[in-house]
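One structure is given here, and the rest of the page talks about it.
On a predicted model such as this, the values are computed, not experimentally measured, just so you know.
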There are 2 protein chains.
Amino acid sequence: MVIMIDGSTPFDSTDAALSDPSYRAALVDLFGVLAYGELVAFERLAADAAMAPRVEDKAALAGMATSEYRHFLSLKDRLSDLGVDPNEAMEPFRQPIDEFHAHTKPADWLEGLVKAYVGDGIGTDFYREISAFVDPASRELVLDVCEDLGQSAFAVDRVRSAIAADPRVAGRLALWGRRLVGEALSQAQRVAADRDALSALLVGGADRPGVDLAEIGRMLARLTDNHTRRMQELGLAA
Amino acid sequence: MVIMIDGSTPFDSTDAALSDPSYRAALVDLFGVLAYGELVAFERLAADAAMAPRVEDKAALAGMATSEYRHFLSLKDRLSDLGVDPNEAMEPFRQPIDEFHAHTKPADWLEGLVKAYVGDGIGTDFYREISAFVDPASRELVLDVCEDLGQSAFAVDRVRSAIAADPRVAGRLALWGRRLVGEALSQAQRVAADRDALSALLVGGADRPGVDLAEIGRMLARLTDNHTRRMQELGLAA
């Protein structure tokens, strides 16, 4: 349970929450960034499938990609339910997400797998944290689209095998993991600066208290710890 | 109804057909080439989605790609039902299909659309023709995975709009369409030469009559006519 600065807890009722226009705007941003992220995750997993050396790996990655597309559809439907055009809701996030991916194009199949695991891992951890600040129905949707589709076990297996076969790849992939985090943070910062309603979900707005600084510190610590754990699972230094 | 050289018609019963080992081998080849083709069609439509300038086009193409993946799963399941490893059944077709796509990488979004419409059009027309030579249950599966997923209307709309906006693109895309056909034929020829069981479906084998030459001529004429019609629908000279 997250406790806000004024001692209250975040929204318990979806209907009450949605009557607040700045909260609605924040939700539209949240679902918009998630929806565009899922659409691009679909494209990226499909591109990883195209790089896969074995046909069974292609099929596995294609299957994960289609699940990301299902997530995209759920978010798109929810945006329509909120009375907004899904394309307009996604638009503000195209540039930061496209730039993140343009700056982190995997050079090969292994870099693609590390990106799918480590990059998406930080993203979904972050959205799970955010889900504590939204109404129950929205929380359920966010947690649903953040489910692990099997990428994790798949990436850990393939990356560890590759390192076992040639230990030199570990150094290159560890550097790659660090670059992914750096790029993700720089784009996240940009989104936070540009999208007031979205940031206000976390830090509070004119008529809604946010969490205190200590809680934000703990959240960042959790994100960092999880990232380090994921890198270790891959057999990489964080 | 296709009439064979000896006056008989192709298989009426799936069970009777499957008891013939060379027919089974042909089916495994047919489903193998279709399955790998669908998997790559998935990857390619996803790559087209990544090139789409508008987010609603991305979403539309991603949806078509996931339908190709469903087709792939149906074929994979049928191969398993036939008692073969789907990956092994696909393996002989990886190289010709991968080479076709390596030689016909779309330079932009419009070339991708023309390829999805014209290239897949020839492919599915050909498999529909082949479906006349297989047992009823197999025919149903082949026709099912050859269904148009909406690519056609989508491609025609977008390509015609692009030509209306800039008539010069028509010349480039017409050349591109011709190159696609040339590459497709050269890879098809290679598959026909390498896979005796598959070719025997059409031209007959040791203990099974094939169609006569006049029928093959009519089939090629139908494939060519349909191709010309598709190019015209796009607003391109065939």
Side-chain angles (χ1 to χ4, degrees), chain A residues 31-77 79-80 84-95 97-98 101-102 105-106 109 112 149, chain B residues 31-77 79-80 84-95 97-98 101-102 105-106 109 112 149:
Chain A
F31 295 149
V33 69
L34 274 168
Y36 192 68
E38 290 289 352
L39 195 52
V40 174
F42 161 84
E43 290 171 4
R44 226 196 38 231
L45 280 170
D48 289 345
M51 288 196 288
R54 295 190 312 165
V55 69
E56 53 264 52
D57 289 343
K58 271 185 187 299
L61 286 163
M64 293 174 207
T66 60
S67 301
E68 303 279 16
Y69 180 73
R70 266 196 296 104
H71 289 165
F72 162 74
L73 287 184
S74 308
L75 290 156
K76 184 168 172 270
D77 289 348
L79 283 163
S80 299
V84 296
D85 176 345
N87 298 320
E88 281 175 27
M90 288 188 272
E91 198 55 46
F93 306 103
R94 286 192 69 171
Q95 205 185 338
I97 290 180
D98 286 353
H101 290 295
K105 269 200 199 307
W109 149 249
L149 299 166
Chain B
F31 295 150
V33 69
L34 275 168
Y36 192 68
E38 290 288 352
L39 195 51
V40 174
F42 160 84
E43 290 171 4
R44 223 196 40 231
L45 281 170
D48 289 344
M51 287 195 289
R54 295 191 312 165
V55 69
E56 52 265 52
D57 289 343
K58 272 185 188 298
L61 286 163
M64 294 173 208
T66 61
S67 302
E68 304 278 17
Y69 179 73
R70 265 196 297 105
H71 289 165
F72 161 73
L73 287 184
S74 308
L75 290 156
K76 184 169 172 268
D77 289 348
L79 284 163
S80 299
V84 296
D85 175 345
N87 298 321
E88 282 175 27
M90 288 187 272
E91 199 56 45
F93 305 103
R94 287 193 69 172
Q95 205 186 339
I97 291 180
D98 285 353
H101 289 296
K105 268 201 200 308
W109 148 250
L149 299 165

Checklist line | Heavy-atom pairs under 4.5 Å with chain A, option from B:Gly63, B:Ala47, B:Ala35, B:Ala65 with the top count | finding: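 Ranked by contacts with chain A, first place is B:Gly63.
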Item checked: Residues A:Arg70, A:Glu38: salt bridge by 4.0 Å N-O rule ->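 Salt bridge between A:Arg70 and A:Glu38, a charged N being under 4.0 Å from a carboxylate O: no.
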Next item on the list: Could you check B:Leu61 against B:Trp109 for side chain to side chain contact (heavy atoms under 4.5 Å, CB included), going step by step and ending with a plain yes or no?
Entry: CA-CA 11 Å; B:Leu61 286 163; B:Trp109 148 250; 3.2 Å; yes
Checklist line | Residue part contacting chain A, namely of B:Arg94, when any heavy atom lies under 4.5 Å | finding: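 Just the side chain, heavy atoms under 4.5 Å.
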Item checked: Proximal component of B:Ala59, with respect to chain A [non-hydrogen, under 4.5 Å] ->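 Both the backbone and the side chain of B:Ala59 come within 4.5 Å of chain A.
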Check: Between atom OH of A:Tyr36 and atom CZ of A:Phe72, what is the distance when rounded to the nearest 0.5 Å?
Finding: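 Separation between the atoms: 10.0 Å.
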Item checked: Distance (rounded to the nearest 0.5 Å) between A:Asp48 CG and A:Glu43 CD ->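 Those atoms lie 12.0 Å apart.
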Checklist line | A:Arg54 portion near chain B, given a 4.5 angstrom heavy-atom threshold | finding: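 Contact with chain B involves the backbone of A:Arg54 alone.
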